[in-house]
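Working notes for the structure below.
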Protein chains: 2
Amino acid sequence: MARKTGSHSDITGPRVRAAALRLFAAHGFAAVSMRQIAAEVGVQAGALYLYTPDKQSLLFDLLREHMQEVLDAWAAEEKPDGPINQLETFTRFHIRFHLERPEQVFISYMELRNLEQDNFKALENMRRQYENSLEAILKRGQDEGVFDVDDTKLTTLALIAMLNGVTSWYKPDGRLSLSRVETIYSDMAGKAVRMPRWKERQRKLEAGRAAE
Amino acid sequence: MARKTGSHSDITGPRVRAAALRLFAAHGFAAVSMRQIAAEVGVQAGALYLYTPDKQSLLFDLLREHMQEVLDAWAAEEKPDGPINQLETFTRFHIRFHLERPEQVFISYMELRNLEQDNFKALENMRRQYENSLEAILKRGQDEGVFDVDDTKLTTLALIAMLNGVTSWYKPDGRLSLSRVETIYSDMAGKAVRMPRWKERQRKLEAGRAAE
DNA sequence: GTCTATAAACCGATAGAC
DNA sequence: GTCTATCGGTTTATAGAC
């Protein structure tokens, strides 16, 4: 039964991509050779070119599909009412989604510079689109007076950077559970942007005085 | 006067390191060849080995010196009294120091994985030492009841990740000045960890009741 | 679909002339 | 201190047998 050659296009294709993902994440795109990827899959280097036109496309496809997954998953997420709850939903979603895909996340911000210009721009647009969905929540909260944010764009980037940081230390069997980590980050994000109660009171006081 | 060879040890050495820094930051350690570095300096590849035993040492020295600079600069920074002011001092210091050295910061977290194990561990210890100086501030604030932090270690990492994020978008001639950016981040960090006023009042209330 | 073999170029590092 | 030349090995990608 065992044979060395045969038709495995539908199986080998995904395996090539999985091996590339693992190796790029572990050693970096530039440091990984096509021969290493082939060895990981169990084929010869030449066979890889049946599944990708070149090494660059292998990287770009991995990054593009990851970003598309993020966008689709967030679009499918059920959104509660009100910016405060939406911010919690976003932070929890972001942390959970990213911790479930450590390798994709890692290469998504480590290997961007190895992309050719056009590929880089395509990825950057998708990333900006995702950031905009958080900024929209902050803007709404700002308009409704429940958030007190100095600059929504800057705050968006600061929050996402903070949330991304979790991927660099979290271990699934560490001392903190996933939901516990979600809660802590979500609380910090909320405290960082929410209108303080004393400011809210002052605002209402002034509004009342103006109404007299 | 012009001659092609001569004694330039004291000049060429730093130029090699500067070229390596620039190229590693721009293209990544693994993607940069010794020949490229030599070309940037204006010497032949062989001449580089007068200034570094090998490529790995070139990277390690850059990273180690950067971390040492961070530690020295923070040690030299004048510290105000009280955790609240110290947190502001730390956030402003961190942002300013890192924005002044974008290339060093970039390679310091992008190229860690290209270090051999011993070199990596040495760097990691220095990084942890720096993190500890922030965690000490949070712990003191927690003990004094002015901070309300769930987990000082996790919060330390979250704050540093947030602050580091600034290096990925800040442009010196952008719409926000450096001191403005410092203020916004410092405010966010403060709000994220400070004991809320209502909680503080409740705490004092309970303390008063217990004293009866 | 996978293999072997190979082209053409590049790599890090060293030797030895000047 | 810098050069040229080179060793021994690697790289991406392709050609052609099976």
Side-chain angles (χ1 to χ4, degrees), chain A residues 1-24 26-63 107 111 113-117 119, chain B residues 1-24 26-63 107 111 113-117 119:
Chain A
M1 287 293 284
R3 56 176 182 174
K4 236 185 175 179
T5 65
S7 176
H8 301 290
S9 177
D10 48 343
I11 297 178
T12 309
R15 298 221 311 138
V16 168
R17 303 162 45 72
L21 171 61
R22 202 189 72 77
L23 290 171
F24 289 166
H27 309 296
F29 174 77
V32 172
S33 70
M34 295 297 269
R35 280 172 177 78
Q36 283 175 272
I37 298 171
E40 178 98 351
V41 175
V43 299
Q44 293 298 315
L48 294 182
Y49 291 88
L50 294 168
Y51 307 101
T52 179
D54 51 30
K55 198 185 171 191
Q56 164 84 196
S57 300
L58 206 45
L59 175 62
F60 177 61
D61 287 349
L62 289 172
L63 298 184
I107 64 171
E111 307 300 349
R113 62 169 151 192
N114 288 305
L115 290 176
E116 290 157 14
Q117 201 173 37
N119 291 342
Chain B
M1 287 294 282
R3 57 174 182 175
K4 236 183 173 180
T5 66
S7 176
H8 302 289
S9 175
D10 47 344
I11 298 177
T12 309
R15 298 222 310 138
V16 167
R17 303 162 45 71
L21 171 60
R22 202 189 71 76
L23 290 171
F24 290 166
H27 310 295
F29 174 77
V32 172
S33 70
M34 294 297 270
R35 282 171 176 81
Q36 281 175 273
I37 298 172
E40 177 99 350
V41 175
V43 299
Q44 294 297 316
L48 294 182
Y49 291 88
L50 294 167
Y51 308 100
T52 179
D54 52 30
K55 197 185 172 192
Q56 164 84 194
S57 301
L58 205 44
L59 174 62
F60 178 60
D61 287 349
L62 289 172
L63 298 183
I107 64 171
E111 307 299 350
R113 63 168 151 192
N114 288 304
L115 290 176
E116 289 158 13
Q117 200 174 38
N119 291 342

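Here is how names work: the chains are called A, B, and so on, in the same order as the sequence lines, proteins then strands, and each is numbered from 1.
Listed by chain and residue number, B/R64 satisfy the salt bridge (charged side-chain N to carboxylate O under 4.0 Å, His left out) test with B/D61 (two or more places apart in sequence, or in another chain). For the side-chain hydrogen bond (donor to acceptor under 3.5 Å, both in side chains) test, no residue two or more places apart in sequence or in another chain qualifies with A/E116. Looking at residues two or more places apart in sequence or on another chain, you find a side-chain hydrogen bond (donor to acceptor under 3.5 Å, both in side chains) between A/R113 and B/E111.
We find that CD1 of B/I37 is positioned 8 Å from P of C/dG12, with the value rounded to whole Å. The distance from atom CG of B/L58 to atom C1' of C/dG12 is 13 Å, rounded to the nearest whole Å. Note: CZ (A/R15) to C1' (C/dG1) measures 14 Å, nearest angstrom. In this entry the distance linking CD of B/Q44 with P of C/dT14 reads 17 Å, nearest Å.
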With the criterion being N/O to N/O and under 3.5 Å, what pairs connect the protein with nucleotides 5-11 of chain C, and how long is each?
| residue | atom | partner | partner atom | Å |
| --- | --- | --- | --- | --- |
| C/dC11 | OP1 | B/S33 | OG | 2.9 |

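Residues A/L23 and A/V32 share a closest heavy-atom pair of O-CG2, 3.4 Å.
With D/dA13, C/dC3, C/dA13 as the candidates, the nucleotide lying closest to the side chain of A/D54 is D/dA13. Side-chain proximity of B/L50 to the nucleotides C/dG1, D/dT4, D/dG1 is greatest for D/dG1. Distances were taken from every side-chain heavy atom of A/Y49 (C-beta onward) to each of D/dT14, D/dC3, C/dA13; the shortest belongs to D/dT14. Taking every side-chain heavy atom of B/V43 into account, D/dC3 is the closest of D/dC3, C/dC3, D/dG1.
One distance of note links OG1 of A/T52 with CG of A/L58; it measures 4.5 Å at 0.5 Å rounding.
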Quick one: side chains of residues 37-50 of chain B, donor-acceptor pairs under 3.5 Å with protein atoms, not counting sequence neighbours, listed by atom name and distance.
| residue | atom | partner | partner atom | Å |
| --- | --- | --- | --- | --- |
| B/E40 | OE1 | B/R22 | NH2 | 3.1 |
| B/E40 | OE2 | B/R22 | NE | 2.5 |
| B/E40 | OE2 | B/R22 | NH2 | 3.0 |

